[in-house]
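After the C-alpha cells below, expect a handful of questions from me.
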Amino acid sequence: MGVKQLGIVGQSVKRRDGIGHVTGQTQYVDDVFYTGMLWLKMVRSPISRGIIHGIDASKAEAFPGVVAVVTAKDVPNNWYTILCLIGVEPNDEPVLAHEEVMYMGEPICAIVAETEAIAAEAAALVKLDIEELPPVLDMEFAISPDAPVIKKWGNNTFMYDGYNHRKLRFGDFEKAIQQADHVIEGDYSLSPIEHAPIETHCCVVKPEPDGRLTVHSNTQALYFTMDNTAIILQVPSQRLHMIGGTVGGGFGGKVDVITEPITCIAAMKTGRPVKWRWTREEEMRKSSTRAGVKMHYTDGVMNDGRIIARKVRSLEDAGAYHRHSPYGVQKHMANLPGPYTIPNVWVDAYCVYTNRQPSSAMRGFGVTEATFAVECQMERIARTIGMDSWEIRLINAYRNGQMRPVRKVVEDATLIETIQAAAELIGYELPAHLKAMSSDDYGGKGGHHG
Amino acid sequence: MAKHYGRGIAAVNYPTGMNLGGDPTQALIFCQPTGGFSVKLASTDLGQGLKTVIAQIAAEALGVPFDSVIVDTGDTDSAPHCMGTFASRATHRVGNAVIMAANEARKALLDVAAEEMEAAPEDLVLENGEIYVKGAPERKTNVFNVALAAHFKHGKTISGRGIYLKQKSGLDPETGACDPDSTEAHATTVAEVEVDDETGEVKVLRLASAYEVGRQINPEMVKGQIVSGAVMGMSHALMETVFPYYPALDHHTYSFGEYIIPTALDIPEIESVVLEYPSSNGPYGVKGVGEMTANSPIPAIVNAIYDAVGVWVTDLPVTPEKVLRALEERSLETH
Amino acid sequence: MESITVTFKLNGKTTAVAIEPLESLRTVLREHLHLHATKAGCGQGGCGSCTVLVNDEPVLSCLMLAALADGQEVTTLEGIGTPPHMHPLQTAFFDRFAAQCGYCSPGMIMAAKALLDKNPHPTRAEIAEALAGNLCRCTGYVAILDAIEDVVTQMQEA
Ligand code: FES
Ligand code: FES
C-alpha cells in the first residue's frame with residue numbers, strides 16, 4: 001500500500017468553524033430572530049389510526065395573539081413529495097392530514113401566533129372529531145391476509161415493479177442448500193431508534209419585499225428541500241432562497257423536508273416572519289426514526305467453512321408513510337448478503353407499512369441493519385461448525401475481481417486487510433496462511449494494492 | 001454469580017454514495033482580484049467538518065495556500081446544486097466537483113500567467129501560490145500578481161465549474177442486479193465486554209478498530225468520526241429504542257430521561273488504525289467514512305456477549321432484561 | 001400575565017429585563033437578551049446544552065425561572081471568552097477538535113468551567129462525572145475529555 005504524499009491534503013488542519021463553535025458565535029437556525037416574528041405550533045393526531053370527520057379551530061382562531069391557522073386547505077399541493085424527485089411513486093403522505101390519520105402525532109393543522117406559548121395554548125383548543133380505527137403495528141401481522149389494509153393501493157407493503165418486496169437472486173439457492181454440510185439459521189431484529197441530534201428541527205421563513213421567501217433551514221440537503229417545498233407550494237423554486245449549511249447534528253434525521261413547507265405557508269399567509277422549532281418530545285415521538293427491522297438468515301455452509309448458499313428474508317418497518325424507506329429497503333437488499341463471496345443468494349426485502357411514526361434515513365440507512373445481522377450470523381456459523389472467528393471471515397471475504405450477488409465485480413475490497421490490521425492492533429497473532437491472504441489473491445481484475 | 005469477559009469481532013463494508021447513483025453535486029470557484037479563491041457550494045456541514053476538508057481539497061487542487069481559499073456553503077442563491085449530505089457522499093461527491101472546478105480555474109490562471117511571463121502555460125508550475133517556469137525557477141511570479149493582471153489588464157476571468165455525477169443505474173426487478181455504489185470502504189472492530197450474569201448488565205471495555213477509508217483528507221477529523229461512531233454504535237447495540245416494547249407503542253419515549261444515550265461516563269477504551277487504499281473515483285482516493293463507523297461496533301458487541309456468556313441476544317437493544325431472559329432460558333434447557 | 005422586571009449581573013454587567021413571570025432563564029437569555037451561545041436542546045433538563053453559571057454553580061437554564069435570577073450573578077459562554085480572547089477551555093476544545101456540530105459545546109464548556117473553578121486538578125473520572133448531564137451526539141466525548149485534561153495540565157504547569 002502507501003499513498004502518495006500530498007500537500008495540505010492529509011494534514012490535520014483545524015476546523016474552519018471551530019472557533020465559532022467554542023465561542024458560541026456559530027449561528028444555527030434557532031439563533032435567527034426577526035422583528036415581528038411569529039411562532040408556529042402543530043396540532044397533531046392523538047391516535048394511531050382513524051377517519052377525520054371534523055377539525056374545529058374556531059376557538060384557537062379567536063384566541064388572543066393567534067394570527068393564523070393553517071389547515072390542509074391552505075396547502076396548494078398537499079403531498080410530501082420527497083421520493084417523487086427520485087422516481088418513487090405514488091405520493092402517500094399529506095402535508096396536513098384531512099381525511100384520515102395514520103399515526104399518533106400526524107400533523108393536522110398549524111397555529112401561528114405572536115409567541116410560542118400562545119401558539120401552544122391555542123393548539124390545545126382545536127377540537128378534533130376523529131373516528132378511531134384499530135391500528136396495525138406488527139409487521140408480520142401487516143403482511144398477513146388478516147390485517148386491515150391501511151394503504152390506498154390495496155396492501156400494506158411498498159410495491160416494487162409489481163412485487164411486494166425487492167428481490168435479489170444469484171446462483172441457485174435451492175439446489176445449493178441441499179448440498180450444504182450444515183444449514184445454519186438466525187433471527188436478527190432492531191427496534192426503532194431516534195437520531196437525537198442535540199439541535200432539534202427548526203425553520204425560520206421571512207417573506208421578502210420582492211415576494212420571495214428567505215428560508216433558514218437545518219436540512220441536510222438544501223436544494224432537495226427547496227425543490228420539494230416549491231412543489232408543495234406550487235411556486236417556482238426561484239421564489240425560495242434557502243440558507244443553511246450549518247446543522248447541529250443530522251445523522252439522517254434532517255432530510256425529510258418536514259418543517260419548511262408549513263413554515264413557508266404560514267409566512268405567506270401572514271406576511272410575517274415565522275419560526276417553527278420542534279420540541280424534544282416531537283423529535284422523539286413525531287419525527288422519523290430509524291426503522292425497526294426483522295431479518296431471518298438461512299445459510300448453507302460446508303465443513304471447511306465456505307458459505308455456499310444464503311437466503312434472507314427482511315421486513316423493514318416504514319411506519320405510516322414512505323419518507324425514504326422504499327429507497328432504504330433497496331439499499332438494504334443490496335447489502336444483506338454481506339461482503340462475502342457466496343455463489344448462491346436469495347434475498348426478499350419488504351418495505352412494510354404500519355400505524356407508527358414514519359421511519360426514514362439514519363446514519364448507515366439499510367446497511368447498519370444488514371451488517372449487524374451478517375456479522376452475528378458469521379459468528380454463529382463459526383461457533384456452530386467449530387471454526388475460528390477470524391478464519392471464517394477471511395476465507396469467505398470478497399476479493400477483487402469476484403462477482404457480488406448484485407452482479408457488480410468487486411473493485412475496492414480491503415475487508416481482509418482490515419481484519420488483519422485489527423488482529424494486529426489487539427496483538428492477536430493470525431496463523432501464517434491467514435496472514436498471507438489478500439483482497440487481491442483471487443487474481444481477477446481490479447485492486448490497486450501493488 | 002459472576003462477571004464474564006468476552007471478545008467479539010465484526011468485519012464490515014460500506015458503500016459510498018446514493019444507492020444506484022444519480023446524485024450529482026456542483027461547485028463553482030472564482031478568483032478575487034488579489035488572489036483569494038472563493039468556493040461556492042450549497043452543501044451542508046453536519047458537524048463532520050465538510051467546510052474544512054473542502055478547503056483542503058481546493059487548496060491542494062488549485063496549488064494555492066490553504067488560507068487563501070474561502071469556502072461558502074449553504075446558500076441556494078449563491079451556489080449551484082448539491083444533492084445533500086447523506087449516504088457518506090459529501091466528501092466524495094463535493095470533493096470531486098471541487099477538483100474539477102479547481103482544474104478549470106487553475107488553467108485559466110496559468111493562461112494569464114503564461115501571457116504575463118511570455119512562457120507556454122504547460123511549462124509553468126503553480127505551487128502554494130507561487131508560479132515559476134519549469135527548469136528556470138528564477139522566472140517567477142505569484143497568484144496575487146496574476147490575479148490583478150487578469151482583472152485589470154487582460155480582462156480575463158479566473159474561475160471554474162465542477163460537477164460530479166455517477167449516472168443513475170437501473171435495477172433488475174427479477175434478479176436485483178444493479179450498481180449500488182461508487183466505492184466501498186471497510187472496517188473491522190474488536191469489542192471486549194464484561195457481562196454481569198446477576199444483573200444482565202453489559203459493560204463495553206474496549207473497542208479496537210481498523211478502518212480503511214481510501215485516503216484521509218484530515219486525519220484528526222477521520223478519528224473524530226471513528227470515536228463518534230464507536231460510541232453511537234455501542235449505544236445502538238445496548239441502549240436505544242423509541243419503543244421499549246416494540247412493536248407495541250407502550251412507553252414511547254419523549255425525553256432524554258427515558259431515551260438513554262451514552263454520557264461521558266459510559267465511554268470504553270477506543271483505539272483505531274486507519275488504512276489507506278485509494279479508490280479510483282474518489283477525490284485523491286477518498287471513500288466515505290461517516291456512516292460506517294457506527295456499524296461494526298454493533299455486531300462486535302453482540303458477538304462478544306455470546307463469547308462471554310454463551311447466549312445469543314440478537315434483538316437490539318441488548319438490555320439487561322434480555323440478557324437475563326436468555327440466560328434463564330438456557331439454564332432451563334440445560335437442567 | 002403582568003410582566004415583571006428582573007435585575008441580575010450578566011457576564012459582569014448589571015442587566016435589567018422585563019419578562020413574563022414564568023419564563024425560563026434560557027428563554028430570557030436567548031430571546032430577550034439575544035445571547036445565543038446558550039443552546040436549547042430539549043427544555044426538559046435532559047441535555048445540558050443550556051448550561052450557564054449562576055453564582056459560579058452550573059445550572060440548567062431551561063429549568064430555572066428567570067425570576068429567580070434576580071439579584072444573582074449569571075455567566076454565559078459569551079462572558080468567559082471571545083474569539084480574540086478565548087478562555088483556555090475554548091482554546092483546548094478548538095485544538096482538540098472537541099466540537100463537531102458544536103451544539104453541545106457551550107454547555108460542555110460551562111460545565112467544565114464550573115468544575116475547574118472548584119477543583120483545578122480533577123481526574124479524568126471526575127471530569128466525566130461533572131459532564132454527565134451534558135449530552136453530545138457527535139464526538140463520543142473522548143476529544144472533550146482530552147481538551148479539559150489539557151487545560152488541567154496547563155494549570156498544573158503554570
Ligand atoms: S435545554 Fe436545558 S437541559 Fe436540555
Ligand atoms: S458536537 Fe454535536 S452534539 Fe456535541
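We name chains A, B, ... by the order of the sequence lines, and we start the count at 1 in each one. All heavy atoms count here, side chains included; hydrogens, waters and symmetry mates do not.
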Residue part contacting chain B, namely of A:N218, when any heavy atom lies under 4.5 Å: neither
Tell me, side chain or backbone of B:S78 under 4.5 Å from chain A's heavy atoms, or both, or neither? neither
A:R280, part contacting chain B, at a heavy-atom distance under 4.5 Å: both
Contacting region of B:T253 [heavy-atom separation from chain A under 4.5 Å]: both
Within the side chain of B:E291, is there an N or O that forms a donor-acceptor pair under 3.5 Å with the backbone of A:R363? no
Give the C-alpha distance, both sets of side-chain angles, the deciding distance and a yes or no for salt bridge (charged side-chain N to carboxylate O under 4.0 Å, His left out) between B:E184 and A:R404. CA-CA 12 Å; B:E184 292 276 346; A:R404 285 157 65 186; 3.2 Å; yes
Inspect the contact between A:K331 and B:D181 and indicate whether a charged nitrogen and a carboxylate oxygen are less than 4.0 angstrom apart. no
Donor-acceptor pair, side chain of A:R383 and main chain of B:G310, under 3.5 angstrom: no
What part of A:A334 lies closer than 4.5 angstrom to a heavy atom of chain B: side chain, backbone, both or neither? side chain
Side chain from CB out, backbone as N, CA, C, O: work out which of these in B:V190 comes under 4.5 Å of a heavy atom of chain A, or both, or neither. side chain
Heavy-atom contact with chain A under 4.5 Å, split by part of B:D23: neither
Honestly, the part of A:F170 sitting under 4.5 Å from a heavy atom of chain B is neither
Between B:T73 and A:R16, is any side-chain donor less than 3.5 angstrom from a side-chain acceptor? no
Is there a side-chain contact between B:D77 and A:R212, using heavy atoms and a 4.5 Å cut-off? yes
Chain B contact via A:S48 - which portion, at a heavy-atom distance below 4.5 Å: side chain
Please flag which part of B:I54 lies under 4.5 Å from any non-hydrogen atom of chain A: side chain, backbone, both or neither. neither
Toward chain A, the part of B:V302 with a non-hydrogen atom under 4.5 Å: side chain
With rounding to the nearest 0.5 Å, note down the distance linking CG in A:L190 to CG in B:D315. 8.0 Å
Are the side chain of A:R393 and the backbone of B:I9 linked by a donor-acceptor contact shorter than 3.5 Å? yes
Contacting region of A:K14 [heavy-atom separation from chain B under 4.5 Å]: backbone
Using salt bridge (Lys or Arg N to Asp or Glu O under 4.0 Å) as the criterion, list what pairs up with B:D250, not counting sequence neighbours. none
B:S68: what forms a side chain to side chain contact (heavy atoms under 4.5 Å, CB included) with it, not counting sequence neighbours? B:V64, B:P65
